[in-house]
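Here is the naming used below: chain letters follow the sequence lines, and residue numbers restart at 1 for every chain. No experiment lies behind these values; they were computed from the predicted model shown.
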Amino acid sequence: MIFPADDVIADNPRASPLYAAAAAANDANVWTSVNGWAVARVFTSVEKEYKAAKDGAAIADLGPLSRYAVRGGDAALFLSRVTTAPAARLDPGDSARGLMLDYEGGVIDLAEVSRLSDDLFLLTTPTPHARRLQLAARGLDAGAEDISEAVAALGVFGPGAGEALTAAGMKTPGHEVASSAMVRGVETAARPMQFGALPGVELIFPADEALTVWERLVRRGGVGPIGLDALETLRIESGAPRPGVDFISADHARASGRRTPAEIGLPHLAPLDRGWYNGRRGLRYTAPKPTRALVTLLIDDDRSAPGAAVFSGGKAVGRITSCAWSPTAKRVIAFADVSRPIDGKGYEISVPPPAEGNVPGKLFETAENILARAYLAAQASATDSRS
Amino acid sequence: MTGTVEILIIGGGEAAYCAAAAAARAGAATALVARKKSECAPSPSSCHVPNFVWRRLDLQEYGLSLEPVSALVTLLPNGETVASSASARDTKAALAETGKHDHVVWTEFVEDMKKLGRDVHLSPAVGGSGAAKMNKLAYLYGGLDVLSALGQVTGGCADLLDDYLADEGLKAHVAAHALSPAGVGASEAGGGASLPELFSEDAWRVRAGKDSPQLIKTLQTICKDSGVDCREDDIADIAGESGRMQTVTLAGGDKLKARYILFASPEAAAVNGYYGDAAPLAARGRATAQLRIKLKKPFAPPVADEKAVFQIIDDLADLQAASDAVADGALPDKPPVAFEFAENGDIIARTSYCPKAFREDDEWRGWTGQDRQAVTKRIMDRLSDRIDGLSVNVRKTDFKLYGADAPEHDRFVNGGENIFILPNRHNAIAEAVKLVDKVLSGE
Amino acid sequence: MSETQGQYQFAGRIEGGIDAIVVGAGFNGLVAAAYLGRAGLKTILLGASADVGGGVKERTFASGLKYPDGEHLVSHLDPVMIEDLDLYRFGLSYAARRLDTVYFFEDGQSLHLSGDLLRAGGVEYEDEDERAAFAKFMEEALEAAAFLRPVFEPVGGDAKAFDKLIRSAPAGLAARINQYLLASVDDVLDAGLPSGLFKTAMTSEAAFRAGAAPNEPFSFMELLRRWSGEVSGLQGALAFPEGGAPAVIDALRRAAQAAKVDIREAVPVSSILIEKDRAAGVEFEGGGQLRAPLIIAACNADRAFQRMIGPAELDLEFQRALLAPAPKIAPASVHLALSGVARDEKTEENMRRRLVYAPPPAKLRRAFAEARAGDIPEDLIVETIFPGALDGGLASDSLQTLSAIAHPLPFDLEADEKRREAIQNAIFSNLEKFAPEITGRIEETALRLAADRAGEAGEKPSVFAARGPVIRQAALARAAAAGNIGGFYFCGPEAQVGAGLSGLAGRIAAKRALKESRRGGFS
């Protein structure tokens, strides 16, 4: 699950249950605010944290994300309505990614749905959606309880996540399937998660136990914390757009800023041939043909910044929405919101003064691109066979 | 003496002086006429001064410092209280603490109300002139969200609150603060429009800080410094065809010719015999009673502090019952009462739920001394019910009535060609200055 | 149980080969079905109850005397629909085309206005200034009402065309419409008709059957809506169809049958089937199905969307926009059979008019406040007609029928005997104000409340409550048309702006459905 944009006004962010632990482990002391919670951007150094996650394992406080426990006879129907995730098809233990769309098919937010048991689902979203969930429950036997404040959440990322958990004595079935269990006397929900291409596990447990669990993982599991900046690099590498940064929620965007799933590179998360969800008819009938695209670029210059103009054939076609230094590629990697069609040859990105001019940006493929392409190919062949 | 001005502002509140100063600073020949006795009940707090107005008028150069009121508080029966603060997040936390389940949607409710104000702007004072002003009807051709928003602002305040909130106390709290300045009921059509106004960025009330001059005094000084022709007089007559130069005769005999006339509040228009061109919250035929209560010894409010704005009602239905009584020309049995603390510790209590005139046996009659006593008693009863020991702590009360002297027959502003009435209550200063800008730029 | 009903109640039976299904056999359902049938579509009209017309029907008193129930006058019958469906050929005719109105006032005075509103300003009146002000007011209001007609239509429409329209308005008219848009009845009348009987009459006219009191914002638009309709080419006129409103239903029914519409009664639909984002058919309680690519729902929005389609298939934004709470006020109608009514010429003449008791504005305001608070007001607007006098076919030798609609009354979910009696007495006492001693002549009484109609139709009473501000209704109607389920169209009461028989919503839904079917549906 992806963090949403930092808060614009970040006065006096709240301390999450893991704050004390995170603050103690924080040498760099660079913080920001997300959904009103304090989030560490850097703990030691971005590069170190990045490497640890890539090669071993790292833990992150996922408390600022919004979490809802969804119960009721129509819980699956409710989730299938409010998100594009196929909740009704999930067996206990399954998880699925999806989007929240408005009735015209504009993307409001990302969403993840896990079925913990027959009658209990867990919905995770980057930003809070209490009102939308309140509306969605109208007429249905279902309710979403906001548990964000009551729980602490930890993500353990990287290829060594499983080992670290085992070493900490916290290995649960949550590696493979979403489940809830008593772990060391603490009621814990765990579910497998992907952070881009990185495998991981998300642990959710009562806020009171936050520090115990963190300590156990750090001491026995031998993992270090990872901050938002390093996560940002991992995120862009994997091709996952960040709400509020790479696209603006359809709830807040002006007409020109609204994006459909295809326009943020996630058409596979809102397939037209699966059960109904809010916005599907909008996508099918009324949404205009995609005119924008979110592309990932490798840029040969380390001064690029969000907002920089992107050119194609001498014409301005869009702007950089987010970027980060990739220690792997030794280049800046960036998301750019550009007009369609995508220029396969690449783009030029303006460089801020004093060194005015443009530098080349090359498209690179991400895990998300591959999924999208596979989906579109399947769609195309389905259409062919029909006609 | 006669004079010719580009814009004439009529009214005596903060919004009037802000509008006049802004117009003068924009280079327009400006005059302001305020009555000797203000038509608006002055209160210890005033409407928020948005940054763009602050910068335009260089308020810091006058040693002014304003601080936001600490909270909006509603004192409900049986000791129940509800409070909200400028920060939606803090309010949400406070609501959660008091066990009100609605805290989960509070921040989004506030956000949605702000958005509603941006989506649909019904106030006819703003939005072009002539045929272009009919663009309010164009909302009917908008998307589902605009249609939905239009339905919400044209409906009652209670309907809109029901759509989001479940807690009766919280709904009563929001409605009281949204509606009581205008004396409107919770079921009345158009009351929904009060919520986007209440939650707009420019609505949170402010008080002069310690050692700061009063906002209104500062604004008067700025008006003088900026060359505004300020007069204290009554308007005797406004003559002129719609869309043409208006000739304004003052009670003192002076005449002013003005290209545009802006009434700075519905009250300012009403006392001068004008109405219309105002949004739903410009309820007509109402008066406001204000009671200044000097105390024997100072006391602290039951919740929050002296810098909060308080409302007293029993429930949502109170507002409608009071509004209905007023429309019927009677005094409500239980008028909703708002109160604040003055700098010197006095309680300034007020109710906008007073009739302009009374109807008895199908005849209308004006206010009498008995009516004044009756309102005073009802306000005191409400206060005493919520504040322990108040009745024995009162040294002196001072009663004032505002808006009851409006003439019987008034003129309906005709489509607003060049006479405007500022309808806003909660974000009056921001709207007044924006309106002046629009008028002067000919939009 | 009818034969048709039996056919559809057993599970598993699926009938196909149908082009279109109209759910709900009320006025708009009949209109929509007739349109589809005439276009050559094999159309089935499904009524939930045993008779078509949605409560507009002929009833009989215990004595056997007949009276038309439902609506008692028509003012907005869609002229395009009448012509398209050839309703005159199918028996529509008017017994009276432009009913004059006589307003009665508390102090015993009365005011007689021509049924041709354009001439109403020419009324003889003692005070020439007041009359001139009234004439000017009528002229201006009628001009604005005619201009605003497209605004009261229940369709999304075209923003550009509308923009052009408002820009084409003369400056004076534009200014007036700006004035009218948000104004209350009081606002406008205080300015235009400062005093006198005209003001009282027009206040009642504007507040009649409205959900908001005349001092509430937006309430003036209701009067413009009322006057935006036309009957046989006459703007704002009121007509009494021969045989009453039920005869209009009969004409429509014949038109639909002539268009080969298969009308099936007493077959309540339990759900509308949606497959691949398109309407696919309907399902009956017993499990049987009818399948068709076009479905038009002519029942109320709550039933059509919340119950038949189900919330799980609705866009949240749509569901929220559609389900606005109704005002807590409703009109009630009462039908009386009177004996010993005088037969003199003057009485006979008056009985061929529309008689309205118009309470003083101040008392009317109080009445709205009381009704909203759940109390029965003392003062009511009472609109009265004498069906037997207007239409010889409905007359009886010994008894005279009277049909009255009273407003504003509290919106009751249920009314017990005591409450009914209180409501009835309130209506009678207001009737007495202009027809003294009428209560002594009453032989039979039939009181019809919103709750009665709801109970009969199996609907929520709120469907029969007064409607909110016109501008809000228009927003709602347009929202209702915005649902984007392929092949599904809605023309229930929420799709119509204002009360009364119109058929515009049915026509528009059918036209949109036909356009889609000709295009070959959504791809």
Query raised in the report: In chain order, what residues pass the salt bridge (charged side-chain N to carboxylate O under 4.0 Å, His left out) check against B:Arg56, with sequence neighbours excluded?
Result: B:Asp437
Requested in this report: Return the set of residues passing side chain to side chain contact (heavy atoms under 4.5 Å, CB included) with B:Ser65 (not counting sequence neighbours), or none when no residue passes.
Outcome: B:Ser212
Report summary line: Here the pair of heavy atoms bringing A:Ala130 nearest to B:Val104 is CB-O, 3.0 Å
Query raised in the report: Can you name the side-chain hydrogen bond (donor to acceptor under 3.5 Å, both in side chains) partners of B:His173, sequence neighbours left out?
Result: B:Thr74, B:Ser84
Short of 3.5 Å, which donor-acceptor contacts do chain B and chain A share? List atoms and distances.
from: B:Arg89; atom 1: NH2; to: A:Asn12; atom 2: O; distance (Å): 2.7
from: B:Glu108; atom 1: OE1; to: A:Arg131; atom 2: N; distance (Å): 3.4
from: B:Glu108; atom 1: OE2; to: A:Ala130; atom 2: N; distance (Å): 2.7
from: B:Glu108; atom 1: OE2; to: A:Arg131; atom 2: N; distance (Å): 3.3
from: B:Leu144; atom 1: N; to: A:Tyr103; atom 2: OH; distance (Å): 3.1
from: B:Asp163; atom 1: O; to: A:Arg131; atom 2: NH1; distance (Å): 2.7
from: B:Asp163; atom 1: O; to: A:Arg138; atom 2: NH2; distance (Å): 2.6
from: B:Asp163; atom 1: OD1; to: A:Arg138; atom 2: NH1; distance (Å): 2.6
from: B:Asp163; atom 1: OD1; to: A:Arg138; atom 2: NH2; distance (Å): 2.9
from: B:Asp163; atom 1: OD2; to: A:Arg131; atom 2: NH2; distance (Å): 2.9
from: B:Tyr164; atom 1: O; to: A:Gln134; atom 2: NE2; distance (Å): 2.8

